[in-house]
*Asks:* 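Structure in structure tokens, see below.
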Amino acid sequence: MLDKLLKERALPPLLTQADGTPVTDWRTRRAVLLTALETYSYGHTPPPPLRVWCEELEAPAPFRRIYGGKVRQERLLLHFETEHGVCRFPFVLALPLRVEKPPVLLHLAFRPDLPDKAVPVEEITDAGYALAVVCYQDMVNDAHFGDFSDGIAAHFGTQNPRGPEEWGKIGMWAYGASRVLDYLLTRADIDAAHTAVVGHSRLGKTALWCAAQDERFRFGISNDSGCSGAAISRENTGETIEAICRQFPYWFCENYTKYTNDEDMLPVDQHMLLALMAPRPLYVSSSSEDDWADPAAELLSCKMAGEAYQLYNLEGVIIPDTGVENDTAYQDGMIGYHKKTGEHSLTD
Ligand code: GTR
């Protein structure tokens, strides 16, 4: 059933090069697709900073322990230095005290503080993970008119009108998340080599673009990321490139808006974004009532991205021929998938 749907969507092939020859080396193909996604969708990302460090925003104190003393919470102000100077944004770290070197979930969050109703902090830390939470608007604002006057945008001097391939806000939030990882990797008390980046909706798109570019992220997780995230754009039955660019053109590069009624001419589609995770694990989740994010298009994209994993003799998503059941996790392949019953939301 999925194969038939995929044929109907006529996607740009993942494993055929521009000259028609088959792809055998994923590293070379990966570089080509990364540049294409920068050029046509998200814009170019500047090089990493020269230096990253953190300052504690609260004095060290034993009473910063939360959840009955099981977790230590740190409020940090991250600084990164580039040739343009120093840029800063805050984030929160919750560390389970019973684990010596916990792996990390880095949550790109809509709200700045813990606890966050979408994030089960206690369950995550009880399971032995550290949790880093960065509020996206602390990195750069999400003002609807596309204001580049603060945070990471101001630091790099991004201004309207942008050049056709200049980055948009998704690229900036993804860049900020990589800076949090820069810092986490300096900490001896954290296993930051095992960090997952996770986000919902616009931040699911961001988590995917972040992990796609930055291979130091061991794992990427997107929830309800939809159009310009996990969902294939060609013949999307929910949000289209035209709809997203009408409301949020500044999330992308200007080039993306050229394809608003012409998805078929876009040299890339979103299975290519997911494939950039290969051979690392990826998790995609959808919600049954989230028609705007087009759950079927999210699953199709996972299915297609599996071709990249096959070059490593790994399987992408493994689901029955009959399709997926709601509220069932399909986790046997390197791409995990589930569709929860319900609306557009990130839940426990
Ligand atoms: C919607 C947008 C979606 C999704 C969502 C969100 O308005 O059309 O693509 O990103 O916002 O992030 O909440």
Side-chain angles (χ1 to χ4, degrees), residues 37 40-43 106-112 116-119 133-147 151-153 167-177 197-212 220-257 259-261 263 266 268-274 283-302 339-340 342-348:
L37 283 159
Y40 299 106
S41 308
Y42 305 104
L106 168 50
H107 180 225
L108 303 174
F110 282 91
R111 286 166 291 272
D116 176 323
K117 74 174 164 58
V119 187
V133 178
V134 57
C135 174
Y136 79 129
Q137 299 219 54
D138 283 338
M139 297 188 270
V140 60
N141 79 64
D142 189 16
H144 273 217
F145 40 89
D147 163 28
I152 294 175
W167 65 346
K169 295 276 170 89
I170 286 178
M172 295 174 193
W173 296 318
Y175 185 87
V197 57
V198 53
H200 163 64
S201 205
R202 71 199 66 185
L203 300 176
K205 307 180 211 298
T206 304
L208 290 172
W209 180 229
C210 174
I221 307 175
S222 91
N223 184 68
D224 296 354
S225 59
C227 177
S228 314
I232 279 167
S233 302
R234 282 164 173 76
E235 290 168 57
N236 190 305
T237 58
E239 186 174 27
T240 58
I241 297 181
E242 190 278 324
I244 206 165
C245 286
R246 200 166 355 106
Q247 264 195 294
F248 306 108
Y250 60 90
W251 286 356
F252 309 97
C253 67
E254 291 284 346
N255 264 348
Y256 200 50
T257 60
Y259 297 91
T260 48
N261 280 314
E263 276 97 355
L266 185 64
V268 290
D269 210 316
Q270 299 308 115
H271 60 309
M272 293 172 162
L273 174 69
L274 299 192
Y283 200 94
V284 171
S285 46
S286 309
S287 302
S288 63
E289 292 158 24
D290 190 7
D291 293 343
W292 193 235
D294 193 349
E298 294 182 315
L299 179 58
L300 286 174
S301 189
C302 294
K339 180 166 56 163
K340 75 165 160 61
E343 56 187 19
H344 185 74
S345 60
L346 179 64
T347 64
D348 287 15

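Both backbone and side-chain heavy atoms feed into the values below; hydrogens, waters and symmetry mates do not. Computed from a predicted structure; not experimentally measured. Just follow the structure's listing: the first ligand is 1, and inside any ligand the first atom is 1. All residue numbers refer to positions in the sequence shown, counting from 1.
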*Asks:* What residues come within 4.0 Å of ligand 1, counting heavy atoms only?
*Replies:*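 For ligand 1, the residues that come within the 4.0 Å heavy-atom cutoff are Ser201, Arg202, Lys205, Glu239, Ile244, Phe248, Trp251, Trp292.
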*Asks:* Determine, step by step, whether Leu108 and Val134 satisfy the side-chain contact (heavy atoms from CB on, under 4.5 Å) criterion, reporting the C-alpha distance in whole Å, the side-chain angles of both residues, the deciding distance to 0.1 Å, and the verdict.
*Replies:* CA-CA 5 Å; Leu108 303 174; Val134 57; 3.7 Å; yes
*Asks:* Going by the rule ring-ring contact (aromatic ring centres under 6.0 Å, His included), which residues pair with Tyr40 if we only count those two or more places apart in sequence or in a different chain?
*Replies:*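 Tyr40 satisfies ring-ring contact (aromatic ring centres under 6.0 Å, His included) with no residue once adjacent residues are dropped.
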*Asks:* Tell me, please, which residues at least two apart from Tyr259 pass ring-ring contact (aromatic ring centres under 6.0 Å, His included).
*Replies:* none
*Asks:* Restricting to salt bridge (charged side-chain N to carboxylate O under 4.0 Å, His left out), what partner residues turn up for Glu343, sequence neighbours left out?
*Replies:*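 Salt bridge (charged side-chain N to carboxylate O under 4.0 Å, His left out) check on Glu343 returns nothing, list empty.
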*Asks:* Do the rings of His344 and His200 sit parallel, tilted or perpendicular, given the 30° and 60° boundaries?
*Replies:* tilted
*Asks:* Determine the interplanar angle of the His144 and Phe248 rings, folded into 0 to 90°, and report it as parallel if under 30°, tilted if 30 to 60°, perpendicular if over 60°.
*Replies:* perpendicular
